[in-house]
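I have placed the structure first, in the form of structure tokens, so that the comments after it can refer back to it.
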There are 2 protein chains.
Amino acid sequence: MDSSVMRTRRLSKDNTYFALKQKIIDSELKPDQVVHEENLAALLGVSRTPLREAIQRLENEEFLVRQPNGRLRVASVTVEEVKEIFLIRSMLEGYIAKSAAKNATDQDIQNLTAMIENIKQSFRSGKSQDFVSYGFEFHDYLSEMSDLKTFVKILNHLRDHALRYCRFVSLHGDWNTQADEEHNFILQMIADRNEEGAEKAMQDHILSSLSSALERIQGIQANRED
Amino acid sequence: MDSSVMRTRRLSKDNTYFALKQKIIDSELKPDQVVHEENLAALLGVSRTPLREAIQRLENEEFLVRQPNGRLRVASVTVEEVKEIFLIRSMLEGYIAKSAAKNATDQDIQNLTAMIENIKQSFRSGKSQDFVSYGFEFHDYLSEMSDLKTFVKILNHLRDHALRYCRFVSLHGDWNTQADEEHNFILQMIADRNEEGAEKAMQDHILSSLSSALERIQGIQANRED
DNA sequence: ATTAAAATAATTGTATACAATTATACAATT
DNA sequence: AATTGTATAATTGTATACAATTATTTTAAT
């Protein structure tokens, strides 16, 4: 097994896409920053060909925008956009919760209960990263229960955009305890197979997180020029 | 001005994307059909590089899907997907109509009235293509009034997918006259600045077009195997 | 004849070279 | 000194060559 022979083939096409998107989400590439293909290629360790394919996708998703002169720039973040994103999420995830309530098996309720317990634990132990991913787990599980594939695709896309803002709020204690209560309430509605209740509870949950996000963003946004 | 010198530069990057998407929407490339890069490149008259960038975007939008072995195939069309698409559209366009009712100026009402008159005329004169594009105009105008940019982006994307099905229903007379009445009703609600009424009217309008679409698709879908 | 292995062909993935465009710096003219 | 024109550099757009993978055919052995 001569490992030095079979190196190439690093699947860079998709990896480049995810790596680049992550750098934008994490603000490693800052909003409105102008970027150049050659620099990015060097940064990511690939040639321009797979990089450009990744760029195409990110342009399409509006993480990157092309200026009139063809130069590339990281998309802006605006309060208007985050409002719309959370509003759409409230509608779609609300309907997902409603469908989940309709489809829920007893096993589902058990699993969801365990998840919420995990969220509580990671919050108490202060592991905020776990907290965030457990929160995703809860929402993702409901998505699977709903079996609404197109809803989920759009939501995943919106979540990636929302994540650009979430770094501002995810570590905010008050919001976390509130989210915990809200998750509990959603689960209760689903356990009761109360479809309308679950829908409303999820909508309120998302809109409540929007309010928290806006509070935090308000100050930051004030410091920026156009 | 030696025109034979400055030919190249055909902006093929974006053109290829739109041309390829259109061929999928128009079923020139049929659902589930396996396609090869080289054939597509020849078909569209470009090299593989810009073609592959177009493919990336269409993969991301799930007009094209990649099989486990790396081969490319046109995405399937399923009844489940069309149901979800129209349901999401009803939610988003409903909210757009609500916002439009809130923002409407008297000039807007005038313009919308004129549009509906155009739709009626093109329907009476049997120009179905005009009918479809006028219908888009009406919805697009409401979108602009709402000023909800993220909503609109997602809706445009969904519309492209919906268009793959719409060919089945757009020429259906009954549905058209019904849509006409519904457009009128939506406009009336907006003219009255009745936000909730406009939202509900638009939701009903979209879901009504879903019902028509499903009726027409049902038979076709029955003839297909898996 | 059937199956398995190997060779060949077809297809996708990546890198690089070159063409076309846009930006920048510098000189010339007013 | 300011402005315009020109040359140079930087950047994006496209094509092609080659590498790696997957599919297909051929060949050989049982």
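Convention: sequence-line order gives letters A, B, ...; per-chain numbering from 1. This one's a predicted model, so the numbers in the text were calculated from it and none came from an experiment.
- Counting heavy-atom neighbours within 6.0 Å of A:Lys153 NZ, excluding the residue itself, gives a total above 12.
- B:Val35 comes within contact range of the sugar-phosphate backbone alone, with a heavy-atom separation under 4.0 Å but no base atom that close.
- Applying side chain to side chain contact (heavy atoms under 4.5 Å, CB included) to A:Leu20 and the options A:Val46, A:Ile55, A:Ile25 leaves one that passes, A:Ile55.
- If you measure from atom CZ of A:Arg71 to atom P of D:dT12, you get 6 Å, rounded to the nearest angstrom.
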Would you check, one step at a time, whether the test salt bridge (charged side-chain N to carboxylate O under 4.0 Å, His left out) holds for B:Arg48 with B:Glu38? CA-CA 7 Å; B:Arg48 280 180 59 214; B:Glu38 213 156 357; over 6 Å; no
Pairing string of DNA chain C (Watson-Crick or G-U wobble, both atom distances under 3.5 Å; | = paired to other strand) is ||||||||||||||||||||||||||||||
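- Within the structure, every side-chain polar atom (N or O) of B:His36 is placed at least 4.0 Å from both OP1 and OP2 of C:dA10.
- Straight-line distance from the CZ atom of B:Arg73 to the P atom of C:dT11: 18 Å, rounded to whole Å.
- An OP1 or OP2 oxygen of D:dA15 is reached within less than 4.0 angstrom by a side-chain nitrogen or oxygen of B:Ser47.
- Formation of a donor-acceptor pair under 3.5 Å by the B:Glu84 side chain with backbone atoms of A:Thr150 is found in this model.
- By the 4.5 Å heavy-atom criterion applied to side chains, A:Phe151 and A:Ser143 are not counted as neighbours.
- Put simply, CD on A:Gln67 is 9 Å from P on C:dA23, counting in whole angstrom units.
- Side-chain contact check for A:Phe136 versus A:Leu163: some heavy-atom pair is nearer than 4.5 Å.
- A distance of 12.5 Å separates OG of A:Ser90 from CD1 of A:Ile85, quoted to the nearest 0.5 Å.
- Between A:Pro50 and A:Gly70, the one whose closest nucleotide on DNA chain C sits nearer the 5' end is A:Pro50.
- Using a 4.0 Å cut-off, no side-chain N or O of B:Asn69 falls inside it from OP1 or OP2 of D:dT21.
- Atom CZ in B:Arg48 sits about 17 Å away from atom P in C:dT16, given to the nearest Å.
- One can place OH of A:Tyr17 at 19 Å from C1' of C:dG13, the figure rounded to the nearest angstrom.
- Protein atom CZ of A:Arg66 is 7 Å distant from nucleotide atom P of D:dT12, rounded to whole Å.
- DNA chain C is contacted by no residue of residues 51-65 of chain A, taking any non-hydrogen atom closer than 4.0 Å.
- In this structure, B:Asp140 pairs ionically with B:Arg159, as a charged nitrogen and a carboxylate oxygen lie closer than 4.0 Å.
- If you take CD of B:Glu37 and P of C:dT14, they are 11 Å apart, rounded to a whole angstrom.
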Using salt bridge (charged side-chain N to carboxylate O under 4.0 Å, His left out), reason through B:Glu80 and A:Lys149 one step at a time and then give a plain yes or no. CA-CA 9 Å; B:Glu80 274 317 307; A:Lys149 296 188 175 57; over 6 Å; no
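- Atom pair B:Leu72:CG and C:dT11:C1' shows a separation of 11 Å (rounding to whole Å applied).
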